[in-house]
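Numbers here are sequence positions counted from 1.
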Amino acid sequence: MAAVRLLFTVLLLVWGMSSSFNELHADDGQPIAIRNWGNGGTTIETQWGFILGLGPGVDDSSEMPLDFNLSSLKPNESVLLSRAPNQAEITVSRVENSREIVELDKLKANQVFAVRGKQKEPMSVFVDGVVLLLFSEVPDKEHFESQKAVDKVAKTLSQRPIAIKVIKDEMSAEDCQKIAAAYQPILMIVPRSTKKVGDVEVEMVSHNTVAFSTSKNEDSKPKFVSLGDKAYEMSAELKELFARKEAACRASQEFFAKLSVEQMNFKPNNGTHTPRWNPEHMMGRELLFFSQIYNAVDPMIPVMDLNPKQMPKDYQFAHPDWTGAEEARQMQRVAAFTRRFAYLLDKMDLNRRAKGSRFWSPRELLKQMERHYSEHTENTKKKMELPSWPER
């Protein structure tokens with residue numbers, strides 16, 4: 001019976017294995033999270049792991065350390081943020097007195113470009129193929145009448161999806177309507193006091209997070225959302241399941257982070273998998289299974305499949321130059337994604353197969369991922385006992 005269950009589990013994990021092993025680039029629609037912390041505080045979280053802040057409410061309200069505070073930008077200043085593979089820290093390149101926007105097609109998934117406008121102009125953030133405009137002030141009347149600022153941004157956007165976040169709580173519904181009419185966003189996050197923008201009802205969200213990506217939106221009208229200022233609070237049951245899964249993932253990260261490129265690429269002469277396959281496989285399984293469930297609730301979360309080929313003879317390295325530390329960061333990025341959008345599991349029956357999933361209930365998936373990280377980490381440790389294992 002145990003053998004049958006093991007075989008079934010293996011089949012579930014292999015099912016739907018993708019032939020693609022390339023990383024997702026900016027145009028592939030990785031979701032960003034826009035979060036509201038009250039008092040004008042906003043954070044932007046990306047799939048690559050950037051956490052960017054803006055506004056006075058960020059420093060004292062955010063539950064996470066910022067990689068960069070956009071409030072530090074001066075008027076007309078732009079900044080390019082990069083965190084290259086095998087690089088733990090971000091590189092910040094500032095450009096004084098420049099309104100030039102880099103070509104979006106040249107931005108990689110590990111880069112963010114931000115521009116602060118003049119007073120009463122929006123902050124523009126270019127990331128993962130989308131543009132986020134952050135309004136801290138009500139634009140001047142001339143801003144809309146001249147159309148120069150609007151036209152310049154529109155030309156720069158290259159028809160990319162636009163989201164708008166209103167930072168100033170005192171901004172009226174009429175002001176929001178003017179901004180929406182000028183920029184035609186797919187998503188606009190408005191103050192809590194705004195119940196309706198024009199003839200469109202505002203969706204009231206109890207927690208503080210909304211997803212945005214290049215996923216298609218067939219509705220020609222903008223979607224207006226109002227966010228709370230507190231992060232989604234999991235039930236005690238779900239919190240425990242997440243904690244156990246994340247503990248197993250952290251233990252796996254700690255192990256792989258110590259391995260060199262040569263050790264990660266080691267090919268055992270017994271025909272088993274190279275060590276690198278294991279973190280790619282573990283990360284890929286969690287990303288695919290949870291993005292399938294999240295996508296069924298919110299299409300702004302795309303289904304993301306980074307799974308490597310299953311059999312050792314078919315497997316190719318996705319990133320042969322990544323250190324074990326970078327593979328560990330990739331696992332952490334996926335774990336952060338799963339938690340970041342966990343509000344989509346709210347009111348979902350933990351024991352029933354989730355919509356969008358072929359097999360999994362949320363409970364069984366979280367428990368399986370806990371086992372999965374532990375099993376593959378232990379399997380890799382055994383490879384270190386082989387006589388041909390690289391010393392460094």
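For the residue pair Gln30 and Thr46, no side-chain donor N or O sits within less than 3.5 Å of a side-chain acceptor on the partner. Residues Tyr315 and Glu280 have side chains that bring a donor and an acceptor to within less than 3.5 angstrom of each other. For the residue pair Asn69 / Ser72, no side-chain donor-acceptor distance below 3.5 Å is found, with atom types taken as modelled. Side-chain atoms of Gln330 and Arg333 form a donor-acceptor pair, as typed in the model, at a separation below 3.5 Å. Judged purely by distance below 3.5 Å, without hydrogens or angles, the side chains of Arg371 and Gln368 pair a donor atom with an acceptor atom. Defined by atom type and a distance below 3.5 Å, a donor-acceptor pair is missing between the side-chain atoms of Arg352 and Ser361.
Residues that satisfy the side chain to side chain donor-acceptor pair (under 3.5 Å) test with Lys165, not counting sequence neighbours, are Asn36, Thr42. For Arg244, the salt bridge (Lys or Arg N to Asp or Glu O under 4.0 Å) partners at least two apart in sequence or on another chain are Glu370. Scanning for side chain to side chain donor-acceptor pair (under 3.5 Å) contacts around Asp321 gives an empty result, with sequence neighbours left out. For Thr323, the side chain to side chain donor-acceptor pair (under 3.5 Å) test picks out Asn86, with sequence neighbours left out. The side chain to side chain donor-acceptor pair (under 3.5 Å) test applied to Lys381 returns Glu378, not counting sequence neighbours.
Using a distance-only test at 3.5 Å, with no hydrogens or angles considered, a donor-acceptor pair links the side chain of Ser291 to the main chain of Met304. The closest donor-acceptor contact from the side chain of Thr194 to the backbone of Lys196 lies at 3.5 Å or more, if one exists at all. Asp67 places a side-chain N or O within donor-acceptor distance of the main-chain N or O of Ile51, the cut-off being under 3.5 Å. Although no hydrogens or angles enter the test, the distance criterion places no donor-acceptor pair under 3.5 Å between the side chain of Gln332 and the main chain of Arg329. Using modelled atom types, one side-chain atom of Glu77 and one backbone atom of Lys74 make a donor-acceptor pair closer than 3.5 Å. Although no hydrogens or angles enter the test, the distance criterion places no donor-acceptor pair under 3.5 Å between the side chain of Asn76 and the main chain of Gly117. Distance alone, capped at 3.5 Å, places no donor-acceptor pair between the Gln111 side chain and the Ser82 backbone. Panel note: side chain Glu254, backbone Ala251; no donor-acceptor pair is recorded below 3.5 Å. A donor-acceptor pair under 3.5 Å links the side-chain atoms of Asp298 to the main chain of Met300, judged by distance alone.
Taking CG of Asn208 as the start and CZ of Arg35 as the end, the distance is 4.5 Å to the nearest 0.5 Å. Distance check: Leu287 CG to Thr338 OG1 gives 7.5 Å after rounding to the nearest 0.5 Å. Taken from CG in Leu366 to CG in Leu350, the straight-line distance is 8.0 Å, to the nearest 0.5 Å. Rounded to the nearest 0.5 Å, atoms CD1 (Ile44) and CZ (Phe68) are 11.5 Å apart. Here the straight-line distance linking atom CD1 of Ile164 with atom CZ of Phe224 works out to 8.5 Å at 0.5 Å rounding. Distance CD/Glu203 to OG/Ser226: 10.0 Å, rounded to 0.5 Å.
Looking at heavy atoms from C-beta onward, Leu133 lies in side-chain contact with Ser124 at the 4.5 angstrom threshold. Within the 4.5 Å cutoff, side-chain heavy atoms of Val297 are placed close to those of Met348. With contacts defined as side-chain heavy-atom distances shorter than 4.5 Å, the pair Met123/Leu73 qualifies. For the pair Thr91/Leu81, no side-chain contact is recorded, criterion being any heavy-atom separation below 4.5 Å from C-beta on. Trp37 places none of its side-chain heavy atoms less than 4.5 Å from the side chain of Asp229. Residues Pro85 and Trp48 have side chains in contact (heavy-atom distance under 4.5 Å, counting atoms from C-beta outward). Using a 4.5 Å heavy-atom threshold, the side chains of Met283 and Glu327 count as separate. Side-chain contact between Met282 and Met331: present, with at least one pair of heavy atoms (C-beta onward) separated by less than 4.5 Å.
Arg276 pairs in a side chain to side chain contact (heavy atoms under 4.5 Å, CB included) with only one of the listed residues (Phe266, Phe256, Phe317), which is Phe317.
The shortest heavy-atom contact between Met264 and Pro279 is CE-CG, 3.8 Å. In this structure, Ala163 and Ile34 approach most closely via the heavy-atom pair CB-CD1, 4.2 Å. A pairwise comparison of heavy atoms in Arg116 and Ser71 identifies NH1-O, 4.0 Å as the closest pair. Looking at every heavy atom in both residues, Val205 comes nearest to Thr209 through CG1-O, 4.4 Å. Closest non-hydrogen pair, Pro185 versus Met188, comes out as CG-CB, 4.2 Å. The shortest heavy-atom contact between Ser252 and Thr377 is OG-OG1, 2.8 Å.
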- Please step through side-chain contact (heavy atoms from CB on, under 4.5 Å) for the pair Ile179 and Phe135, ending with a clear verdict. CA-CA 9 Å; Ile179 294 172; Phe135 281 85; 3.6 Å; yes
- Query: What do the steps show when you test His376 against Trp277 for side-chain contact (heavy atoms from CB on, under 4.5 Å), and what is the final call?
  - Reply: CA-CA 10 Å; His376 280 278; Trp277 178 85; 3.4 Å; yes
- Between Ser357 and Phe289, is a side-chain contact (heavy atoms from CB on, under 4.5 Å) present by the stated rule, with each step listed? CA-CA 7 Å; Ser357 177; Phe289 288 146; 5.6 Å; no
- Item | Worked verdict on Gln253 versus Cys249 for side-chain contact (heavy atoms from CB on, under 4.5 Å) | CA-CA 6 Å; Gln253 291 170 44; Cys249 184; 3.2 Å; yes
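Cation-pi geometry between Arg83 and Phe50 is met: under 6.0 angstrom from the ring centre, within 45 degrees of the axis.
A perpendicular orientation is assigned to the rings of Phe341 and Tyr294, their planes being inclined by more than 60° (bins at 30° and 60°). Relative ring orientation between His319 and Trp322 is described as parallel, the plane-to-plane angle staying below 30° on a 0-90° scale split at 30° and 60°.
Evaluation of the side chain to side chain donor-acceptor pair (under 3.5 Å) test over residues 341-351, restricted to residues two or more places apart or in two chains, returns Tyr232-Asp346, Asn351-Arg363.
Here Arg392 does not pair with Glu262 in a salt bridge; the nearest charged N to carboxylate O distance is not below 4.0 Å. Glu364 has no carboxylate O lying under 4.0 Å from a charged side-chain N of Arg353, or vice versa, which leaves the two without a salt bridge. Under the 4.0 Å criterion applied to side-chain N and carboxylate O atoms, Lys168 and Asp175 are not assigned as salt-bridge partners.
Neither Val261 nor Phe255 shares a network with the other; the hydrophobic side chains, linked directly or stepwise wherever heavy atoms of I, L, V, M, F, W or Y lie under 4.5 Å apart, form separate groups for each.
Other residues, nucleotides and ligands contribute over 12 non-hydrogen atoms within 6.0 Å of the NZ atom of Lys195.
With ring centers used as reference points, His273 lies 6.0 Å or more from His281.
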